[in-house]
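Chain A is the first sequence line, chain B the second, and so forth, proteins listed ahead of strands; every chain is numbered from 1. All heavy atoms count here, side chains included; hydrogens, waters and symmetry mates do not.
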Number of protein chains: 2
Amino acid sequence: MLASDAARLEKQGIRATAQRLAIAEFVLHTDEHPCADEIWDAVRASFPMVSRATVYNTLNLFVDHGLLQALVVTEGRVVFDPNVEKHHHFIDEETGKIFDLPWEALEVGRIDQLQGFDVRDYQVVVRGTKRRRRARK
Amino acid sequence: MLASDAARLEKQGIRATAQRLAIAEFVLHTDEHPCADEIWDAVRASFPMVSRATVYNTLNLFVDHGLLQALVVTEGRVVFDPNVEKHHHFIDEETGKIFDLPWEALEVGRIDQLQGFDVRDYQVVVRGTKRRRRARK
DNA sequence: GTTCGTGCAAACGGTTTGCAACAAT
DNA sequence: ATTGTTGCAAACCGTTTGCACGAAC
């Protein structure tokens with residue numbers, strides 16, 4: 001995955017430094033919706049010489065270049081989602097975990113009939129609890 | 001409206017102090033989705049002796065008692081909505097303004113078919129721009 | 001040698017909290 | 001007397017920024 005990460009960065013005119021690749025390797029391939037500090041922790045585990053500022057700067061850079069989507073659903077922190085295609089979100093209110101829901105899993109009707117609004121984008125935010133898988137054995 | 005505000009507070013076991021009534025008078029009757037500091041400013045205009053801490057504490061109190069809904073849709077600030085019934089939201093990306101959309105304006109299909117999720121609540125978040133009303137004259 | 005990226009520490013902005021004065025019961 | 005409420009200032013926490021050093025072109 002590293003090679004194609006570098007290719008993706010360069011395709012966006014982003015110079016592929018070691019720090020950025022370490023960040024990309026983690027954040028572009030997670031489905032956990034981590035926040036910046038969680039990303040910092042995860043990246044440092046394999047690549048200790050990254051500063052917090054660089055992580056924040058890089059994440060913003062990735063968002064600006066469409067490699068990452070920033071999500072604001074919980075108070076006080078932004079989380080990042082490498083899935084930049086249209087999709088919905090499920091938020092587990094017990095754990096705080098966020099799950100992607102495929103776009104086709106839900107259907108929103110009458111969105112084109114909203115009076116006086118030019119719709120550019122929409123998504124459903126579902127809250128509840130994720131059912132625990134029955135015990136493994 | 002003041003009398004009924006006091007009644008609503010007391011029904012929730014909230015003592016109706018002067019500060020709380022001043023806050024309630026503004027925030028329970030707005031459709032502007034203000035943040036805490038905007039509420040502080042608005043309240044001080046008519047009732048100068050309110051501290052910021054009291055505004056923050058009171059808003060949280062109102063949220064805890066179901067008089068107010070806290071909304072997290074923009075980075076770095078929470079906004080408050082006195083409409084505590086199910087409804088959707090439209091966010092004007094140019095102005096940042098938030099508008100309530102009636103629950104019946106949209107219809108979400110297949111929400112009951114989500115596998116492995118216990119849904120407690122959901123709402124559609126629509127982004128775009130509000131069409132300007134044609135000039136007044 | 002100029003531009004770009006990094007790291008550090010300080011600044012920032014919204015929110016919470018500790019504490020002392022005060023009001024209500 | 002006890003309990004609840006307020007105001008102030010300080011603390012907090014996620015994020016941004018200024019600046020100096022170093023790397024890449």
Side-chain angles (χ1 to χ4, degrees), chain A residues 5-6 9-27 33-44 46-65 67-81 96 98, chain B residues 5-6 9-27 33-44 46-65 67-81 96 98:
Chain A
D5 283 347
L9 298 208
E10 254 138 38
K11 190 146 98 179
Q12 301 291 333
I14 301 176
R15 194 184 299 166
T17 67
Q19 286 81 337
R20 286 172 178 172
L21 280 175
I23 296 165
E25 183 180 12
F26 174 71
V27 80
H33 303 81
C35 67
D37 274 357
E38 287 166 349
I39 295 165
W40 189 38
D41 287 342
V43 170
R44 268 187 306 173
S46 59
F47 191 89
M49 43 311 215
V50 190
S51 73
R52 196 136 80 123
T54 296
V55 171
Y56 276 91
N57 289 335
T58 301
L59 292 172
N60 288 337
L61 187 70
F62 286 0
V63 169
D64 291 345
H65 286 76
L67 295 172
L68 221 47
Q69 192 182 329
L71 268 206
V72 187
V73 277
T74 331
E75 181 175 345
R77 57 183 227 158
V78 177
V79 302
F80 297 90
D81 189 345
I98 300 170
Chain B
D5 283 348
L9 298 208
E10 254 139 37
K11 188 143 100 177
Q12 300 292 332
I14 300 175
R15 195 184 297 166
T17 67
Q19 286 81 337
R20 286 173 179 170
L21 281 174
I23 296 165
E25 184 179 11
F26 174 71
V27 81
H33 303 79
C35 67
D37 274 356
E38 287 166 349
I39 294 165
W40 188 37
D41 288 342
V43 169
R44 267 187 307 175
S46 60
F47 190 90
M49 41 317 211
V50 190
S51 72
R52 192 136 84 123
T54 295
V55 170
Y56 275 89
N57 289 335
T58 301
L59 292 171
N60 287 338
L61 188 70
F62 287 0
V63 169
D64 291 345
H65 286 77
L67 295 171
L68 220 49
Q69 192 182 327
L71 237 307
V72 187
V73 276
T74 332
E75 183 174 345
R77 57 183 227 158
V78 177
V79 302
F80 296 91
D81 188 345
I98 300 170

Original post:
Atom CG of B/Asn60 to atom C1' of D/dT6: distance rounded to whole Å?
Top reply: 15 Å
Original post:
Can any side-chain N or O of A/Glu38 pair as donor or acceptor with the backbone N or O of A/Cys35 at less than 3.5 Å?
Top reply: yes
Subject >> Beyond-backbone contact of A/His33 with A/Leu71, side-chain heavy atoms, under 4.5 angstrom >> reply: yes
Subject >> Lys/Arg N to Asp/Glu carboxylate O, B/Arg52 vs B/Asp37, below 4.0 Å >> reply: yes
Subject >> B/Glu75 and A/Arg77 ion-paired at < 4.0 Å >> reply: no
**OP:** Would you mind reading off the distance between B/Leu59 atom CG and C/dG14 atom P, rounded to a whole angstrom?
**Re:** 14 Å
Subject >> Test item: B/Trp40 side-chain N/O and B/Val50 main-chain N/O as donor-acceptor pair under 3.5 Å >> reply: yes
Subject >> Distance in angstrom units between A/Glu75 CD and C/dG14 C1', rounded >> reply: 9 Å
**OP:** Could you run through nucleotides 3-10 of chain C and give me one letter per nucleotide, 5' to 3': B if any protein heavy atom sits under 4.0 Å from the base, S if only the sugar-phosphate is that close, - if neither?
**Re:** -SSSBB--
**OP:** Report the distance from atom CG of B/Leu21 to atom P of D/dT5, rounded to the nearest whole Å.
**Re:** 13 Å
**OP:** Measure the distance from CH2 on A/Trp40 to P on D/dG14 and round it to the nearest whole Å.
**Re:** 11 Å
Subject >> Nearest-Å distance for atom pair OH/P, residues A/Tyr56 and C/dA11 >> reply: 19 Å
**OP:** Send over the distance from B/Asp64 CG to C/dT16 P, rounded to a whole Å.
**Re:** 10 Å
Subject >> Spacing between B/Ile39 atom CD1 and C/dT15 atom C1', to the nearest angstrom >> reply: 13 Å
Original post:
Would you call B/Arg20 and B/Asp5 a salt bridge, taking side-chain N to carboxylate O under 4.0 Å as the test?
Top reply: no
